[in-house]
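These numbers were taken from a predicted model, which means no experiment stands behind them.
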Protein chains: 2
Amino acid sequence: MYNNRREQIRSMLQTKAYVTFKELSELFPDVSEMTIRRDIEHLEREHVAIRVRGGARSMRFITNQVDDSITSRQQKNVESKEAIVEKAAKYLEPGRSIFLDSGSTLQKIVKYIPNERFSFTTTDPSLALGLCKIGLPMVNLVGGRLDGNNQTVTGIHAMRFLGDINIDIAFLSPSGFSARSGFTVGNYSEGEIKRIVVSKARLVVMLMDESKFDKSLPYTFADAADADIIITNRPLPADMNGIIEKNNITVTIVDDTI
Amino acid sequence: MYNNRREQIRSMLQTKAYVTFKELSELFPDVSEMTIRRDIEHLEREHVAIRVRGGARSMRFITNQVDDSITSRQQKNVESKEAIVEKAAKYLEPGRSIFLDSGSTLQKIVKYIPNERFSFTTTDPSLALGLCKIGLPMVNLVGGRLDGNNQTVTGIHAMRFLGDINIDIAFLSPSGFSARSGFTVGNYSEGEIKRIVVSKARLVVMLMDESKFDKSLPYTFADAADADIIITNRPLPADMNGIIEKNNITVTIVDDTI
DNA sequence: ACAAAAAATGTTAAATTCGAACACTTTATG
DNA sequence: CATAAAGTGTTCGAATTTAACATTTTTTGT
């Protein structure tokens, strides 16, 4: 009964990331190793496993790994970002028009959004889809040229689009913040968009973890004076105190210990 | 400079599902095969590829396959849709402005897109992200109010956005097609968008599997006369022949047997 | 700028794994 | 019940891999 054997291997691969032909052969002593090989071929066709030298790797574990590496390995300070957006969600005001920036930080806010009537606008397609999934009725996705690396839309269309939209509260995630350069990002087109958002928003909330401090990237999209609230996970460097006080910025420091 | 070589291999794996050590060795004659092997080891650690006997498989293609098999189980006529979009990809013309409709059908076109310079515009955020992933430089995402059920944008913003864009070839997937009602969809806002696309496109290509025949949904967004090409998997019902001929529509029937 | 450490690379030969071919058995199918 | 299709076993030459050690290049700390 090949059937049963294959199913057993299949279910092994639900909990084991890797099996060798050798161990499977020992597990099923009444069939030859060649048969095991052929079983794995079948499972490979069904995308249950991938055949590698000496055995097979479970597809489930492979995709999990990929997810992990997308969501966390390449991303730094995941816990900090989580804590920051959790706090940011407290600033959401029902009925208001709220802008959410592109990027890994704001993407995490979805699960902290209370069940109320918000009107969201975002430049991040993944985030927009996430917001829809939790049943929010009013999700505006800014259109434009899509930049795959940054998961954001840019360009003239995006700018025009934003021109038509009113924003009460904007949540932005700069790539850098320094006393000299203010809030910065790595490229012009992204900065261009954020600049418009800042100019249109009544309340500007900047979200950033400590890795952004004293960093200055090529394009400044806002000065310290433009920010109303900064949410972060560590006290800002001392040399920024003057700027913060002068511009009357509220700095909220969250606890990111797990 | 190992750095550049690895990046080259990395980017090869964006468009190639599988590379062999042998071909890589020939591509980089000044390093030994052992070095290539070690490059792949690195890429494996970064989850870019999986090492298999003789070479490596691109992680992106692996996960795509999985996604396909997960979503396909619930979807109907997957094979037909695959065959249809594969054929549709033949109508893509490099350098043209191409519109791709929202929906599960067109979402499948990503892997059939040849490696050339296209300019795509779409109303489907997932599709847009997919197009970016394969490295297309020019992906326009139409903005607007996002309808999570249909994974599409609608509303006044989307309409205005489309107003600014020129379309050479439009690929659309109607929900129904009948002699009496023409091409139809289930809701007004979706139809509104498609109607604009049809009016702006030089060439209109309709993609639909047999399940759409003789179906008439609430909103008509195009008459038979608006279509230039229909790609489907079965001959249209006989009573449509008159309409097809009168409007000089090219009907292409694909083979969807696996 | 220098030395030490770390990373990258090359070469070899032995060990392992693979695959193709053919024969045979069991299970489906009309 | 006959035929086709799928599953299985065995063998051995071919291809691939690994390990180990030597050498070079790059990075890093002081």
Polar atoms only, N or O, under 3.5 Å: list the protein pairs with nucleotides 18-20 of chain D and their distances.
| unit_1 | atom_1 | unit_2 | atom_2 | d |
| --- | --- | --- | --- | --- |
| dT18(D) | OP2 | R51(B) | NH2 | 2.7 |

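Every side-chain contact (heavy atoms from CB on, under 4.5 Å) that Q151(A) has, sequence neighbours left out, goes to Q107(A), D124(A), S126(A), L129(B). The side-chain contact (heavy atoms from CB on, under 4.5 Å) test applied to E23(A) returns M12(A), K16(A), V19(A), T20(A), not counting sequence neighbours. Residues satisfying the side-chain hydrogen bond (donor to acceptor under 3.5 Å, both in side chains) test with T232(A), not counting sequence neighbours, are none. Under the salt bridge (Lys or Arg N to Asp or Glu O under 4.0 Å) criterion, K22(B) pairs with no residue at all, not counting sequence neighbours. The side-chain hydrogen bond (donor to acceptor under 3.5 Å, both in side chains) search around T220(A) returns none, not counting sequence neighbours. Judged as a salt bridge (Lys or Arg N to Asp or Glu O under 4.0 Å), and not counting sequence neighbours, the contacts of E33(A) are R37(A). Partners of S175(A) by side-chain contact (heavy atoms from CB on, under 4.5 Å), not counting sequence neighbours, listed by chain and number: V185(A), L217(A).
Computed from coordinates, the F21(B) CZ to dT9(C) P distance equals 15 Å when rounded to whole Å. Protein atom CD1 of I40(A) is 13 Å distant from nucleotide atom P of dT8(D), rounded to whole Å. Summarising the geometry, the separation between CD on E7(A) and C1' on dG7(D) is reported as 15 Å, rounded to the nearest angstrom.
Near-neighbour residues of DNA chain C inside residues 23-33 of chain B, defined by a heavy atom below 4.0 Å, number-ordered: D30(B), V31(B), S32(B).
Considering only side-chain N and O atoms, H42(B) lies under 4.0 angstrom from the phosphate OP1 or OP2 of dA8(C).
Residues Y112(B) and K90(B) fail the side-chain proximity criterion, which asks for heavy atoms closer than 4.5 Å.
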